[in-house]
Number of protein chains: 2
Amino acid sequence: MSTNYPDFIAHIRRYVELSDQEVKVLEKYVQPVELKRREYLIKEGEVCRNNYFVERGCLRMFFYNDKMVEQTTQFAIETWWLSDYFSLARQSPSEYSIQAVERSFVVAVDYSLQDKLFSELPQLEHYFRIMMQRALAASQLRVKMIYQLSKEEMYTHFVSSFPQFFQRVPQYMIASYLGLTPEYMSELRKRR
Amino acid sequence: MSTNYPDFIAHIRRYVELSDQEVKVLEKYVQPVELKRREYLIKEGEVCRNNYFVERGCLRMFFYNDKMVEQTTQFAIETWWLSDYFSLARQSPSEYSIQAVERSFVVAVDYSLQDKLFSELPQLEHYFRIMMQRALAASQLRVKMIYQLSKEEMYTHFVSSFPQFFQRVPQYMIASYLGLTPEYMSELRKRR
DNA sequence: CGGTCTCTTGACGGAGTTCAAAGCTAGTGG
DNA sequence: CCACTAGCTTTGAACTCCGTCAAGAGACCG
């Protein structure tokens, strides 16, 4: 079978049935996006119009805090979905930017056509329900980690849970994601 | 129309069509639960088997941190869903307890029957997809607040955003939810 | 090689925690 | 309906984790 999105389609098929013909239908609703390192999918102030699936590469979502320092709130690598779901639902300006950490290949699903897509391919509603629930589970876990771990434990927990990340992503982004300063994280590294 | 879950059904009907006959079908999949103040829906270590909808009252989800202090991570009041979605998906023991803050009426949806329910009433999959996405948006916003606000700002933001909560829920639970000690929150109250 | 990101070091300060104890409130049972 | 008690909130003092600032050392890219 030929598709422009082999990993994307394969991922969906891990959860629902999708004939080759239905793949053709799906392809009408999605857009491929190739991003260079540091390129943006959306910038703060824009309305978020797509749900993004990472085929290859790595994205991050961040906002500027009161000191105009970038605060990374989420990463997404292969097979993960990323979007500002608040902006998406309300079609309100996003307070986040979404940027490629490295060269990335992304599938963009137009949110305004999502209902139409689901009426054509009802099994995709099932797939998306599972993805949203999975993301929610991850987000609950994230909040728990923030509340139960000290900054030092956050760091060691992250290092042992996602060692791959460490090579791919600049330190200061990880520090920001973990809610600590690059300076303090540098001190923590030294301790081990 | 007669149902045991007027608010529950009304809430679903805000998002999808549901005939009176379909309501009868739905009712086979759900259980009413009435809880006294401090009663538990699940306790730490048990597997979470239901998704809970709050008809009346208030629930909280919490875990015990390393000092055996209760750490509240979520509240749920009328029309909100609450569950440990990690435990639900994996059918693994939950690290949380879910408890009624006040006398509450809850609708429990058996997760093991959910796929069957969706095959009988496909529009409920749509409803749940929306609920999961809404909860995810709320969780993203929560993480953003944690990262951008100081403890003092967390407090004032919470007070102005959810003044009703303040009457209903003990201070120490709110303090815990906001990630600060009761002692420090007491000091913050004094400042205003 | 030059310049711009990125990471490290160390001194200092303050927001927020910890501990202990007293004061208050509300729920329960008599 | 009152009184008792367990649970909740407040106070204050000591302490500490972690952020801030400033400056220097690498590292990566054109």
Side-chain angles (χ1 to χ4, degrees), chain A residues 35-40 58 60 62-73 75 97 99-103 145-159 165-192, chain B residues 35-40 57-58 60 62 64-72 75 97 99-104 145-159 165-192:
Chain A
L35 295 160
K36 297 199 195 82
R37 201 172 118 89
R38 312 207 148 243
E39 241 183 307
Y40 288 89
C58 178
R60 67 164 180 144
F62 68 91
F63 67 93
Y64 293 94
N65 68 17
D66 40 339
K67 282 158 200 146
M68 284 298 124
V69 174
E70 294 175 1
Q71 193 76 41
T72 300
T73 58
F75 289 109
S97 299
Q99 187 193 42
V101 174
E102 58 192 37
R103 186 155 183 261
M145 288 302 152
I146 292 173
Y147 276 43
Q148 87 179 334
L149 303 181
S150 69
K151 303 279 167 160
E152 175 156 16
E153 288 166 334
M154 286 282 281
Y155 172 78
T156 53
H157 178 264
F158 184 87
V159 172
F165 249 82
F166 238 69
Q167 328 303 341
R168 289 172 79 169
V169 178
Q171 302 293 316
Y172 76 94
M173 284 187 197
I174 293 172
S176 163
Y177 175 75
L178 296 177
L180 38 83
T181 59
E183 293 93 331
Y184 190 56
M185 186 160 129
S186 175
E187 192 185 322
L188 293 177
R189 304 190 98 204
K190 202 171 44 173
R191 287 192 200 166
R192 332 226 82 239
Chain B
L35 295 160
K36 296 199 196 83
R37 201 173 120 88
R38 308 204 153 246
E39 241 183 307
Y40 288 88
C58 179
R60 68 165 179 144
F62 69 90
Y64 292 94
N65 68 17
D66 41 339
K67 282 159 201 147
M68 285 298 124
V69 174
E70 293 175 1
Q71 192 76 40
T72 301
F75 288 110
S97 299
Q99 187 193 43
V101 174
E102 58 192 37
R103 186 155 183 260
S104 301
M145 288 302 153
I146 292 173
Y147 276 43
Q148 87 178 334
L149 303 181
S150 69
K151 303 277 167 158
E152 174 156 17
E153 288 166 335
M154 286 282 280
Y155 172 79
T156 52
H157 178 264
F158 184 87
V159 172
F165 248 81
F166 237 69
Q167 328 303 341
R168 289 172 78 168
V169 178
Q171 301 293 315
Y172 78 95
M173 286 187 196
I174 294 172
S176 162
Y177 175 75
L178 296 177
L180 38 83
T181 59
E183 292 93 332
Y184 190 55
M185 186 158 128
S186 174
E187 191 184 323
L188 293 176
R189 302 191 100 204
K190 203 171 42 171
R191 288 192 199 166
R192 334 225 80 241

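Lettering follows sequence order; numbering is per chain, from 1.
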Colleague: Could you check whether the rings of A:Phe165 and A:Phe158 sit parallel, tilted or perpendicular, using 30° and 60° as the cut-offs?
Modeller: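 Judged by the thresholds at 30° and 60°, the geometry between A:Phe165 and A:Phe158 is perpendicular.
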Colleague: Once you apply a heavy-atom cut-off of 4.0 Å, does B:Tyr184 come out as touching a base, just sugar-phosphate, or nothing?
Modeller: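 Contact class for B:Tyr184: base.
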Colleague: From the options C:dT17, D:dC18, C:dT9, select the nucleotide whose nearest atom is closest to the side chain of A:Lys190.
Modeller: C:dT9
Colleague: Rounded to the nearest Å, what distance is computed from the CG atom of residue B:Leu180 to the C1' atom of nucleotide C:dG14?
Modeller: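 Going from CG in B:Leu180 over to C1' in C:dG14 covers 17 Å.
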Colleague: I need the OH-P distance between A:Tyr172 and C:dT4, as an integer number of Å.
Modeller: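 That distance rounds to 16 Å.
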Colleague: Would you kindly give the CG-to-P distance between A:Leu178 and D:dG19, to the nearest whole Å?
Modeller: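 The distance from CG of A:Leu178 to P of D:dG19 comes to 11 Å, rounded to the nearest Å.
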Colleague: Distance check needed: C:dT18 C1' versus B:Asp66 CG, whole Å only.
Modeller: 14 Å
Colleague: Measure the distance from CD on A:Glu187 to P on C:dT6 and round it to the nearest whole Å.
Modeller: 22 Å
Colleague: If the plane angle is over 60° it's perpendicular, under 30° parallel, otherwise tilted; pick one for A:Phe62 and A:Tyr40.
Modeller: tilted
Colleague: Round to the nearest Å and state the distance from A:Phe166 atom CZ to C:dC7 atom C1'.
Modeller: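 In whole Å, C:dC7 C1' lies 12 Å from A:Phe166 CZ.
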Colleague: With side-chain hydrogen bond (donor to acceptor under 3.5 Å, both in side chains) as the test, pick out the partner of B:Glu187 among B:Lys190, B:Arg191, B:Arg189.
Modeller: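 By the side-chain hydrogen bond (donor to acceptor under 3.5 Å, both in side chains) criterion, B:Glu187 pairs with just one of B:Lys190, B:Arg191, B:Arg189: B:Arg191.
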Colleague: Quick one: on DNA chain C, does B:Leu188 or A:Val169 contact a more 5' nucleotide (nearest heavy atom)?
Modeller: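 The answer here is A:Val169.
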Colleague: Select from A:Gln171 and B:Met185 the residue whose nearest nucleotide in DNA chain C is closer to the 5' end of that strand.
Modeller: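 Its nearest nucleotide being more 5', the pick is A:Gln171.
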Colleague: Send over the distance from B:Met173 CE to D:dT9 C1', rounded to a whole Å.
Modeller: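 In whole Å, D:dT9 C1' lies 14 Å from B:Met173 CE.
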Colleague: Tell me whether the side-chain N/O atoms of B:Arg189 come closer than 4.0 Å to OP1 or OP2 in D:dT9.
Modeller: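 False: B:Arg189 side-chain N/O out of range (4.0 Å or more) of D:dT9 OP1/OP2.
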Colleague: Between A:Arg37 and B:Ser186, which has a closest nucleotide on DNA chain D that is more 5'?
Modeller: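 The 5'-side residue here is B:Ser186.
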Colleague: To the nearest Å, how far apart are B:Glu183 CD and D:dT9 P?
Modeller: 11 Å
